[in-house]
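Since the structure comes first, as structure tokens, the remarks are kept for the end.
Start at 1 and go down the list; that is how both ligands and their atoms are numbered. Keep in mind that this is a model prediction, so the values were computed, not measured.
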Amino acid sequence: MEKIPYKIFLTEEEMPKSWYNLRADMNNKPAPLLNPQTKQPCTLAELEKVFCKELAKQELDDSTRFIPIPDEIRNFYRMFRPSPLIRAYCLEEKLGTPAHIYYKFEGNNTSGSHKLNSAIAQAYYAKQQGLKGVTTETGAGQWGTALSMACSYYGLDCKVFMVKVSYEQKPFRREVMHVYGASVTPSPSIETSVGRKILMEHPGTNGSLGCAISEAVEVAVNLEGYRYVLGSVMNLVGLHQSIIGLETKAALDKYGIKADIIIGCAGGGSNLQGLIAPFMGEKIRGENDYRIIAVEPKSCPSLTRGAFAYDYCDTGHICPLAKMKTLGSNFIPSANHAGGLRYHGMSSTLSQLYEDGLMEATSVEQTKVFEAGIEFARVEGILPAPESNHAIRIAIDEALKCKETGEAKNIVFGLTGTGYFDLFAYERYRNKEMADYIPTDEELQASFAKLPKI
Ligand SMILES: *Cc1c(COP(=O)(O)O)cnc(C)c1O
């Protein structure tokens, strides 16, 4: 057998030609989105008022297994895909583990994360529909950056509502968006009625993803030629991200490697859903078995401690309701939380798979997360995003378990992006200024009590 190279590249021709819609293979489909007023399942016509037409169709489609990737999107992908699957030989050696560790690196583009995979697809469909522009929210800033890049490529206007605390703490992220021609507004703002209402009720608030989503939706539905797009949580985003998993599977197959454990960080769930899609499909169809592990912050533990219920996707309650693992739409992680993955809910697809016992989830403290990220950075030569550090933490822990048992398991994890804009957080960790905050059961119960009664 040929030695497995450090970087397993696929050729451009080997890059997948279709996205894989995991929902088509699920026995228990994720519950439908509900209209927040009527509480009835959202129709295509309703979704089309907020979202691009083709994207709304993709959101509702839970039966087509493969959806062809339009050539224009595939050609854009060629600039940064296929992304490498890297054998972490140096990390393995440092850990002294018999495990084989592989990571799929999605940080090889200017936006620095996997988010460009969906941003370019969403901008393409917006352009095709003849729209003038799109609105969106961004938290840490990766999605806003990716979408600005995609919109500038297609000559679309891009209005980003950026969670205020990030807007202030990450001026360089903001500037990248400006370079790509986007407008960036700190949220909550006085530009929208929902923003003004939130500011009145919570003066001096730092903002949250939920607020920023409400503002972006309000602008999109009131501005002619605009629609709202988003970078996680929804099924259509997971669909676009399936390219990550399809490439990973193709690269492993090329060398006859069978993954034993697949690990990914989970915020709204898009990268994890994409990474695991083809593996989970095999698992559901009974063709292969894999351990699949979602990793989330202990300070925002939607899968491990959330309720499985219909909830609002945004603070202003103007978006459709989704049935998901949720901490409640008013939940905001403690102010000292620095590791990203701060959304209150989780993709309805991943939530259902978790409820059905098809995947595991675990949560970790942020200090342990940064410790793992630095250990990784020092041997593997990539400065990982704090979000990615969650997956690194559990990959290292699993590799250390293999050291005890002497098992040479194949561990695959998603390295979703780079951490150049998160150096303040790294600095706080190194200066031992970073604390761990874990919400109490009482806090979570109080939040669950406000879930909509459906
Ligand atoms: C946005 C982001 C995540 C989390 O989002 P998911 O939708 O859960 O994938 C993880 N890593 C990076 C680098 C991100 O930018």
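The proximity of His114 to ligand 1, defined as any non-hydrogen pair under 4.0 Å, is limited to the side chain. At a 4.0 Å heavy-atom cut-off, ligand 1 does not touch Gln241 at all. The proximity of Ser113 to ligand 1, defined as any non-hydrogen pair under 4.0 Å, is limited to the side chain. Contacts between Val233 and ligand 1, counted as non-hydrogen atom pairs separated by less than 4.0 Å, are absent for every part of the residue.
Summary of contacts: the protein heavy atom closest to atom 7 (O) of ligand 1 is Ser232 OG, 2.5 Å. At the top of the distance list for atom 15 (O) of ligand 1, counting protein heavy atoms only, stands Lys115 NZ, 2.6 Å. For atom 4 (C) of ligand 1, the closest heavy atom belonging to the protein is Leu341 CD2, 3.5 Å. Nearest protein neighbour of atom 11 (N) of ligand 1, counting heavy atoms only, is Thr416 OG1, 2.7 Å.
Listed by number with element, the atoms of ligand 1 under 4.0 angstrom from any heavy atom of Gly269 are 6 (P), 7 (O), 8 (O). The Gly267 neighbourhood of ligand 1 comprises atoms 8 (O), with distances under 4.0 Å to a heavy atom of that residue. Close approach of ligand 1 to Cys265 (heavy-atom distance below 4.0 Å) involves ligand atoms 10 (C). Listed by number with element, the atoms of ligand 1 under 4.0 Å from a non-hydrogen atom of Gln142 are 13 (C), 14 (C), 15 (O).
Looking at Ser187 and Glu137, their side chains never bring a donor and an acceptor atom within 3.5 Å of each other. Side-chain contact, Thr185 with Lys159: no donor N or O sits under 3.5 Å from an acceptor N or O.
In terms of polar-atom proximity, Gly268 is counted as a contact of ligand 1, with an N or O under 3.5 Å from an N or O of the ligand. Checked by distance only, ligand 1 and Leu272 stay at 3.5 Å or farther apart across all their nitrogen or oxygen atoms. Considering backbone and side-chain N/O of Gly231, none are found under 3.5 Å from N/O of ligand 1. Ligand 1 has no N or O atom lying under 3.5 Å from any N or O atom of Glu387, backbone or side chain.
A donor-acceptor pair under 3.5 Å is formed between the side chain of Gln241 and the backbone N or O of His114. Listed for the Glu59 side chain is a donor-acceptor partner under 3.5 Å among the backbone atoms of Leu236. Under a 3.5 Å cut-off, the side chain of Gln366 and the backbone N or O of Asn336 do form a donor-acceptor pair. Ser113 contributes no side-chain N or O that, together with a main-chain N or O of Thr416, makes up a donor-acceptor pair within less than 3.5 Å.
Just one residue in the list Glu72, Glu14, Glu12 forms a salt bridge (charged side-chain N to carboxylate O under 4.0 Å, His left out) with Arg78, and that residue is Glu12. Exactly one residue among Ser166, Pro333, Ser299 makes a side chain to side chain contact (heavy atoms under 4.5 Å, CB included) with Arg342. That residue is Pro333.
Taking a 6.0 Å sphere around NZ of Lys53, one finds it holds 12 or fewer heavy atoms contributed by other residues, nucleotides or ligands.
In this structure, Tyr228 and Phe51 have tilted ring planes: the angle between them lies in the 30° to 60° band.
Residue nearest to atom 6 (P) of ligand 1, selected from Gly339, Gly419, Ala385, Ser270: Ser270 (by heavy-atom distance).
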Do Tyr124 and Phe76 pass the ring-ring contact (aromatic ring centres under 6.0 Å, His included) test, and can you show the C-alpha distance, the side-chain angles, and the key distance before you say yes or no?
-> CA-CA 10 Å; Tyr124 167 82; Phe76 187 93; over 10 Å; no

